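Below is one structure, written out as structure tokens, with a few remarks after it.
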Amino acid sequence: MSAAEPVDLSVADLHPALGDPALTSMNFLNEVSERYPAAVSLAAGRPYEEFFDLAAVHRHLDTFHRHLVDDLGHGPEQARRLLLQYGRTKGIVHHLIARNLAVDEGITVDPEDLVVTVGCQEAMFLVLRALRAGPTDVLLAVAPTYVGLTGAARLVDLPVWPVAGGSSGVDLADLAAQVRGARAAGLRPRACYVMPDFANPSGVSIDTAHRRRLLDLAAQEDLLLLEDNPYGLFHLDDGPRPPTLKALDTGRRVVYLGSFAKTVLPGARVGYVVADQRVAGPGGQVGPLADQLAMIKSMVTVNTSPIAQAVIGGRLLEHGCSLVAANTRERSAYTRNLRHLVAGLTRRFPALPDQSDQPDQPDRPDRPAAVRWTVPAGGFFVVVTVPFPVDDALLDRSARDYGVLWTPMAHFYDDTAPVRALRLSVSAVTPEQIDVGLDRLAALITDELTRRAG
């Protein structure tokens, strides 16, 4: 902007969250990728693109249209209107999502307790907007925390209090201490955000026994849990998956956030929220929290694209409403890539300690002894801890001089303390690209250690 160009507004006159690092993180990472398009990206958590099929989009749409006519009895005009006109705020595939949750997750839910959203990001925003009732409200979140959750909380003026994660996925003693500390300070903890399966960014999962203890603690402390589950289908082993928190939830403690971005199609931008908590309204009327979220949604996005929902609905119908069955190829690709990445790290750092006895989630010590990495049981992400601070300047140099992109873990902590770790993603690359990226990352780490030693 030139000095002579007129300025109509100052950022100081806008919402304070617009200058917050949580809101600028995604833009920065996207800009780095655009500036260095030739760099191998081990940063993006996007799904694998090899199986994208434009023809399938049209087929899914036709499948859902036939479902409207043949299964639900809609006439031609009614079906056309449902797909092409403004739609129901809560969504038009809610009944199929409820079937999917029953088939894949053992979750029994009334379709009316669901709101279909514009991606899971809107689901987060709606829930946080509803829960933030006053200036004393706070949100707890397991750290490191998905930056999209932190950013959404900023936009609704809801402070985020970090809860230690640790090797178990959530430190229950610290969660209890944070709840009681907040209340002692005159604040009201509304909920705790948690990603129990292959969390973004840590990759850590919570085992079944610990999930039950987390639910017990939530009941004791009268606390809601916001369960985010975008990666739960992508486990390495063929054994039974641990039940979701929502499947174990008998007291309506869990608000369940779901997404079809990783399991169907990210371009459809369809997610959902299960909010079956009962809310007393005017005149003693009682309804699900989903009704209140739908009212907020009606003032934000009005409704989720019916055509996008139809594509998701058609994919579900074609696989008996099972996304486990629909993602056989994708799960195989992520498993291959994750194992290839971990093996590649072992080959490039052979003299380092055995990784199996390292913690599942990196801490932030002042002088870590060596490079080490997590070995998650599934999902997209591996965290590498190094003996020096990792920041955006190092990422920029990595992209410019070494041709490899990754994500600084500092983006996932809600403070300014130095973080000596980076996140690698295996979801949008081939094994060959992983090898090239790891060679370049190893060169960066080696050169950085040499530079600092000198």
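Given the structure is predicted, the values throughout are model-derived calculations rather than measurements.
- Around CZ of R46, the count of heavy atoms belonging to other residues, nucleotides or ligands within 6.0 Å does not exceed 12.
- At a threshold of 4.0 Å, the pair R347-D435 counts as salt-bridged, since one of the basic side-chain nitrogens sits closer than that to a carboxylate oxygen.
- Contact of the D113 side chain with the R278 side chain is registered, since non-hydrogen atoms from C-beta on lie closer than 4.5 Å.
- Stacking of R329 on the aromatic ring of F51 is recorded, both the 6.0 Å distance cut-off and the 45° axial limit being met.
- Close placement of the Y334 and F380 rings is indicated, their centers lying within 6.0 Å of each other.
- Residue D228 forms a side-chain hydrogen bond (donor to acceptor under 3.5 Å, both in side chains) with just one option from Y193, Y256, Y146, and that option is Y193.
- At a threshold of 4.5 Å between non-hydrogen side-chain atoms, the residues V279 and D291 do not count as touching.
- From R269, atom CZ reaches atom SG of C120 across 9.0 Å, with rounding to the nearest 0.5 Å.
- H95 is linked by a ring-ring contact (aromatic ring centres under 6.0 Å, His included) to H67, counting only residues two or more places apart in sequence or in another chain.
- Contact check on R190 versus E221 returns no salt bridge, with no Lys/Arg side-chain nitrogen under 4.0 Å from an Asp/Glu carboxylate oxygen.
- Using a cutoff of 4.0 Å between basic side-chain nitrogens and carboxylate oxygens, R211 and D216 are not scored as salt-bridged.
- The closest side-chain heavy-atom distance from R241 to V324 is below 4.5 Å.
- Between L139 and the choices L149, T145, T150, the side-chain contact (heavy atoms from CB on, under 4.5 Å) rule is met once, by L149.
- The environment of CZ in R35 is crowded: more than 12 heavy-atom neighbours from other residues, nucleotides or ligands sit within 6.0 Å.
- Put simply, the side chain of L338 does not reach to within 4.5 Å of the side chain of F381, judged on heavy atoms.
- Taking 4.0 Å as the cut-off between side-chain N and carboxylate O, R66 and D71 do not count as a salt-bridged pair.
- Salt bridge present: K246 and D249 bring a charged side-chain N and a carboxylate O closer than 4.0 Å.
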